[in-house]
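Take a look at the structure below.
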2 protein chains.
Amino acid sequence: MTKLHSHQHDHDAGHAHDHNHNHCIDTALATAETLCIEQGQRLTKVRRRALELIWESHRPLGAYQLLAKLAEEGFNSAPPTVYRALDFLLAAGLIHKVESMNAYLGCAHADRAHKGYFLICDECHNVMEFDYQDIHAALIAKAAKQGFELRAETIELTGLCADCKAKATDAAAVGTSA
Amino acid sequence: MTKLHSHQHDHDAGHAHDHNHNHCIDTALATAETLCIEQGQRLTKVRRRALELIWESHRPLGAYQLLAKLAEEGFNSAPPTVYRALDFLLAAGLIHKVESMNAYLGCAHADRAHKGYFLICDECHNVMEFDYQDIHAALIAKAAKQGFELRAETIELTGLCADCKAKATDAAAVGTSA
DNA sequence: GATAATTTTGTTATGGTATAACAACTCAAA
DNA sequence: TTTGAGTTGTTATACCATAACAAAATTATC
Ligand SMILES: [Zn+2]
Ligand SMILES: [Zn+2]
Ligand SMILES: [Zn+2]
Ligand SMILES: [Zn+2]
């Protein structure tokens, strides 16, 4: 697990805040390998590369975007290739699907069982995963009150992230002073 | 507004519980007309019929399923027809989109502003809309804590509804006693 | 190591969801 | 009655996802 502590300001990669995104990638890949070994699963070339490509940013990646990237690198370019890789990564809990975007996102907490709760920025399209045990418990209770047995949750919140809100405020300030 | 109080047991229409579904339909259509008049919007034939068809059950309807039904009745059968109707109904708040199903559902509370929170049964595919102000408030607070300004929410919970859970329990009981 | 079983990948085809772009029509206001 | 806005018709296309079966690679068993 190579940890590069170089401080990068890689806005094109689409992160939510300034952070060392290589660390995100390294951690995710290391976790993936550990989990696959533990569970006797095979992290093949195409699966591993798909995971890396999804982790290029904190913006969800569409299946066909991923397919194009894989094709550029010489992988087979038919849809089943990418959907199989996605299915594997989803089943292994290494990625999430963002339903409201039909796109896929690396999971930073693959090593612990959890539901994906997402904050999606309308502006920069970065997605932050958050865990809110209180809300989860409240949802279970609410469902149970109606006799409903909860199995899965799709919690996707959209709006403006802190960075984009700051930028919008700045732009407005420039607008009024000009 | 024709209220038929005939008690129907219309399981094929896909309701969550026994109820007079004509009442759901009548109320929804009446609300739609009122809202459209208030807002100077035109509930044209195709829009109105689309809304009625979506309200045939409490199961979300896919765009192409809707398109087929409209086509049967002599409406234009090209996709834009149905997507335009859906866009109108969505914008008017008369229907919701269930993102995890790519399907559309009549809204029973179109007259008051609200977010759609859904309980989706994996078995019968009925969807119940529920409103849980506490959870909404908690989500806003949670987002705000991260500097995130919340705009829209996709809350879709899947599992087993009370009816289907009861049926599953019955079936299991028969299985063990046999 | 050879063989068989299992998993993964290749390949072709198809189905399902959604929008772009522009022409024609309808309706209400000016 | 022209004008203009909104709505609908029409064709084409883009994007998302899976079915079905063949071939190859990996693993297990002999
Ligand atoms: Zn990162
Ligand atoms: Zn943002
Ligand atoms: Zn009903
Ligand atoms: Zn059910």
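All values below come from the heavy atoms of this structure, side chains included, with hydrogens, waters and symmetry mates left out.
The distance from atom CG of L67(B) to atom P of dT19(C) is 14 Å, rounded to the nearest whole Å. In this structure, CG of N102(B) is placed 9 Å from C1' of dC16(D), rounded to the nearest angstrom. To the nearest angstrom, P of dT11(C) lies 15 Å from CG of L70(A). Atom CZ of R42(A) and atom P of dA24(D) are 17 Å apart (whole Å). Separating the CD atom of Q41(B) from the P atom of dA28(C) is a distance of 14 Å, rounded to the nearest angstrom. Here the C1' atom of nucleotide dA17(D) and the CD atom of Q65(A) are 15 Å apart, to the nearest Å. Across the protein-nucleic acid pair, Y104(A) atom OH and dC15(D) atom P stand 15 Å apart, rounded to whole Å. The CG-P distance, from L61(B) to dG16(C), rounds to 14 Å in whole Å.
Among the atoms of the strands shown, none is found under 4.0 Å from any heavy atom of K45(A).
A sub-4.0 Å separation between OP1 or OP2 of dT7(D) and a side-chain N or O of R47(B) is present.
Between H96(B) and H114(B), the gap from one ring centroid to the other is short of 6.0 Å.
The two residues L139(B) and I135(A) have their closest heavy-atom pair at CD2-CD1, 3.1 Å.
For Y64(B) and A103(A), each mapped to the nucleotide of DNA chain D holding its nearest heavy atom, the one lying further toward the 5' end belongs to Y64(B).
Between the side chains of H19(B) and H21(B), at least one donor-acceptor pair of N or O atoms lies under 3.5 Å. For the residue pair T81(A) and N76(A), a side-chain donor N or O sits within less than 3.5 Å of a side-chain acceptor on the partner.
Residue K97(B) is tested with N102(B), T154(B), L89(B), L86(B) for a side-chain contact (heavy atoms from CB on, under 4.5 Å); the sole match is N102(B).
Linking Ile, Leu, Val, Met, Phe, Trp and Tyr whenever their side-chain heavy atoms come within less than 4.5 Å puts L29(A) and I95(A) in one cluster.
Within residues 74-91 of chain B, the residues that place at least one heavy atom under 4.0 Å from DNA chain C are, in residue-number order, P79(B), P80(B), Y83(B), R84(B).
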I would like to know whether K69(A) and E72(A) meet salt bridge (charged side-chain N to carboxylate O under 4.0 Å, His left out); could you show each step before the answer?
CA-CA 5 Å; K69(A) 286 172 186 275; E72(A) 275 177 19; over 6 Å; no
